[in-house]
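In what follows, a structure is listed as structure tokens, so that the remarks can point back to it.
Values below: every heavy atom of this structure, side chains too, minus hydrogens, waters and symmetry copies. In what follows, every chain begins at residue 1, and chains take the letters A, B, ... in the order their sequences are listed.
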Protein chains: 2
Amino acid sequence: MNTIGGKRGRLTIHTVAALAGVSISTASKALNGSGRMSEETRERVKKVAQEVGFRPNALARGLITKRSFTIGLLTNDTYGRFTLPVMAGISEELVGHGVSVFLCAIEDDPERARVHVDAMLDKSVDGIIASGKRLDRQLPVDLSGLSVPVVYAFTKGPVDGVTLRSDDEQGARLATRCLMDAGCRRIVHVTGPKTFQSVRERADAYRTAIDGPPEVLHGVWSEAWGLEAVAQLWDRGGDKPDGIFCGNDQIARGVVDGLRERGIRVPDDVAVVGFDNWDIVAAQTRPPLTTVDMNLKTLGREAGRLVLAMSEGREVQPGIRKLPCSLVLRQSCRGLEPPA
Amino acid sequence: MNTIGGKRGRLTIHTVAALAGVSISTASKALNGSGRMSEETRERVKKVAQEVGFRPNALARGLITKRSFTIGLLTNDTYGRFTLPVMAGISEELVGHGVSVFLCAIEDDPERARVHVDAMLDKSVDGIIASGKRLDRQLPVDLSGLSVPVVYAFTKGPVDGVTLRSDDEQGARLATRCLMDAGCRRIVHVTGPKTFQSVRERADAYRTAIDGPPEVLHGVWSEAWGLEAVAQLWDRGGDKPDGIFCGNDQIARGVVDGLRERGIRVPDDVAVVGFDNWDIVAAQTRPPLTTVDMNLKTLGREAGRLVLAMSEGREVQPGIRKLPCSLVLRQSCRGLEPPA
DNA sequence: CTGAAAGCGCTTACAG
DNA sequence: CTGAAAGCGCTTACAG
């Protein structure tokens with residue numbers, strides 16, 4: 001079937017046209033639903049194309065239409081914790097539109113970023129999505145002034161850029177609320193380095209949400225810090241917390257492990273809520289973590305939708321779009337008890 | 001600078017030719033290092049191109065040369081545990097050759113796989129790398145008989161395919177040896193489901209490597225199973241193991257946690273070795289895990305090298321290539337004590 | 001040593 | 001309603 005037309009290699013529109021007994025211009029128009037012609041001719045061409053399995057060469061088409069149906073995804077999150085779901089969302093959103101995505105992992109290396117961007121530009125990508133792992137850091141490459149639209153997803157963009165991010169304050173509010181609803185009266189926040197904007201935002205939201213004096217413990221993003229924080233809290237004198245809101249799931253896991261090792265029951269004695277919903281840690285913790293999900297996949301879909309719109313010339317308002325987080329209820333904090 | 005030539009849009013070879021005072025054919029040949037011409041002309045053209053920042057349109061070039069400088073990576077490992085390092089290796093190997101990679105996540109959905117493959121073929125990819133999460137399962141799409149070369153990396157390929165995989169037996173041997181070197185006399189293997197080929201291979205290698213009667217406990221790939229296995233081993237009568245080789249790091253983490261909770265010291269009383277070197281779990285375990293690394297990034301590089309070779313028409317022997325694993329020494333098993 | 005011409009596989013005004 | 005022609009931005013025989 002691939003050899004119809006006698007030529008070696010791919011089936012072209014010439015073959016389809018010949019088989020349908022029309023010119024290639026007519027064939028092209030029939031297939032693209034453009035131009036005017038009798039319904040009968042159009043159908044005949046379509047049928048032939050269908051039968052021989054004709055698929056237009058995207059390179060040739062792109063050369064003329066200036067649309068390559070490809071976009072580039074740039075990320076410095078080599079670990080994939082954040083980029084993977086974002087990527088999945090983008091791909092899911094775009095594959096139905098026939099667009100494929102180039103993945104370029106640049107690890108904070110400006111040189112390499114440049115090489116990747118140039119390669120993408122050479123290939124006439126219709127747009128670029130810049131993604132990362134921090135909302136307060138830009139990728140090590142300047143994407144403004146490029147001839148293609150760019151959207152920033154889960155990384156910092158320029159002020160006049162189109163940026164998508166999670167609403168960390170709302171997420172933190174969700175977490176704090178959950179603890180309060182579970183009846184906690186003394187809630188402590190154990191989190192990451194103060195240098196992260198998201199840490200500050202989450203902490204602020206926590207401070208505003210709780211009744212009574214807030215207490216925020218800063219450390220690093222690790223289980224070890226969670227363990228250590230529990231030691232600090234329990235080895236000192238005074239009141240013990242009955243609820244702990246953690247800056248991420250790794251810290252939460254450390255906290256839960258630390259608590260268990262002291263014979264403190266979770267959630268009965270102390271309820272714990274994490275952040276990230278990183279399955280590998282949240283689900284394996286004993287008990288499994290109630291945690292905040294940033295809905296990164298949805299964020300990815302939205303990013304895909306936006307670049308596509310922009311690449312099609314539709315107007316998109318610049319600015320930062322905050323996407324809501326949601327709470328995933330597992331067992332480390334049960335939230336509102338069902339009414340008696 | 002982008003507006004030299006007066007035309008809107010991208011800079012083309014016409015502009016470069018005009019600026020250098022040569023025809024476009026000469027310009028093309030000068031830039032590609034082909035044809036013959038005076039060194040002086042060639043240099044002049046190159047200099048002009050350099051100055052105006054000319055980059056040839058890959059679509060146009062691909063249309064003629066039949067090389068798009070893109071390859072597709074298909075994977076059903078949506079979690080990214082295996083694909084991410086493979087991807088990083090591929091990208092690292094290929095970016096220097098100007099090739100970009102399309103990432104297509106298909107989650108065991110034949111429909112979606114087909115759509116992605118078609119999209120890649122439309123875009124004239126130079127080759128496809130099929131990747132996955134199991135060595136004994138094929139992706140839900142038939143890639144044989146495609147017009148482009150395919151290499152299978154960390155997934156099952158057809159018998160006449162070019163396949164890259166880790167040498168699990170050698171990896172298991174490394175792990176078992178490490179335990180023996182550490183002085184363990186009674187080594188048990190706690191691993192995943194027997195239905196996995198890699199489980200059987202690792203278990204076989206373990207059986208062959210140890211002195212004395214082997215004992216293999218099959219379960220699922222989770223921490224919970226590791227915990228449970230320790231309970232089984234210690235709650236029954238008879239000899240206790242002094243070394244445990246685990247089928248993956250998650251199980252190993254469960255084992256180490258279970259041991260610690262019983263007051264058994266790792267590695268002093270019982271040494272433990274994992275498999276995967278999944279940083280997030282191996283490094284956070286207390287104590288950190290000694291584990292087998294499948295060198296997936298290297299595998300990715302190799303896959304990249306091979307598709308590239310094949311796409312350039314170089315001959316590549318079909319068959320399965322096993323790449324060696326290596327042992328990452330942390331604290332759960334110290335291996336050979338330094339000689340006194 | 002250099003350039004005019006043909007052509008890759010399409011699409012899109014423009015005629016008829 | 002349909003097709004011939006021009007052209008997207010390049011490369012590659014082929015002349016000169």
Check: Choosing from C:dT12, D:dT11, C:dC1, which nucleotide comes nearest the side chain of B:Arg36?
Finding: C:dC1
Margin query: Looking at B:Asp118 and B:Arg114, is any side-chain nitrogen of the basic one under 4.0 Å from a carboxylate oxygen of the acidic one?
Written below: yes
Next item on the list: Measure from the side-chain heavy atoms of A:Lys29 and tell me the nearest of C:dG3, C:dA13, D:dC8.
Entry: C:dA13
Notebook entry, point to check: Which part of the nucleic acid does A:Ser38 contact within heavy-atom distance under 4.0 Å: base, sugar-phosphate only, or nothing?
Noted result: sugar-phosphate
Notebook entry, point to check: Between atom CZ in B:Arg67 and atom P in D:dT11, what is the gap in whole Å?
Noted result: 13 Å
Note to self: Applying the Watson-Crick and G-U wobble criteria at under 3.5 Å, what pairs with C:dA13? Answer none if nothing qualifies.
What the structure shows: none
Next item on the list: Specify the separation, in whole Å, of atom CG of A:Leu31 and atom P of C:dT11.
Entry: 8 Å
Note to self: By nearest heavy atom, map B:Ile64 and B:Ile24 onto DNA chain C; which one lands nearer the 5' end?
What the structure shows: B:Ile24
Check: Out of C:dG3, D:dC8, C:dT11, which nucleotide sits closest to the side chain of A:Asn32?
Finding: C:dT11
Note to self: Under 4.0 Å, heavy atoms only, any strand: does B:Thr41 hit a base, just the sugar-phosphate, or nothing?
What the structure shows: sugar-phosphate
Notebook entry, point to check: Is the phosphate of D:dC10, meaning OP1 or OP2, less than 4.0 Å from a side-chain N or O of B:Ser28?
Noted result: no
Check: Do B:Val45 and B:Leu31 come close enough that some side-chain heavy atom pair is under 4.5 Å?
Finding: yes
Check: To the nearest Å, how far apart are B:Arg55 CZ and D:dG9 C1'?
Finding: 16 Å
Next item on the list: Verify the neighbour count for atom NZ of A:Lys47: are there more than 12 heavy atoms of other residues, nucleotides or ligands below 6.0 Å?
Entry: no
Check: Does A:Ile129 reach the side chain of A:Leu74, with side-chain heavy atoms less than 4.5 Å apart?
Finding: no
Note to self: Quick one, B:Glu51 and B:Leu19 - any side-chain contact, counting heavy atoms below 4.5 Å?
What the structure shows: no
Margin query: Heavy atoms from C-beta onward define the side chain here; which of D:dC8, C:dA4, D:dT11 lies closest to that of A:Lys66?
Written below: D:dC8
Note to self: What is the separation between atom CD1 on A:Ile13 and atom P on D:dG3, rounded to the nearest whole Å?
What the structure shows: 13 Å
Next item on the list: Return the 5'-most residue of the pair B:Thr26, B:Ala60 with respect to DNA chain D, ranking by each residue's nearest nucleotide.
Entry: B:Ala60
Check: Which whole-number value in Å describes the distance from B:Leu63 CG to C:dG7 P?
Finding: 14 Å
Notebook entry, point to check: What does D:dA4 pair with, Watson-Crick or G-U, if both distances are under 3.5 Å?
Noted result: none
Note to self: Is A:Thr12 close enough to C:dG9 that one of its side-chain N or O atoms is under 4.0 Å from OP1 or OP2 there?
What the structure shows: no
Checklist line | D:dG3 OP1/OP2 closer than 4.0 Å to side-chain N/O of A:Ser25 | finding: no
Checklist line | Rounded distance (Å) that lies between atom P of C:dA5 and atom NE2 of B:His14 | finding: 13 Å
Next item on the list: Could you state the atom-to-atom distance from CZ of A:Arg44 to C1' of D:dT2 in whole Å?
Entry: 11 Å
Note to self: Less than 4.0 angstrom from a charged side-chain N to a carboxylate O is my criterion; do A:Glu302 and A:Arg305 meet it?
What the structure shows: yes
Item checked: A:Asn57 CG to C:dC8 P, straight-line distance once rounded to whole Å -> 12 Å
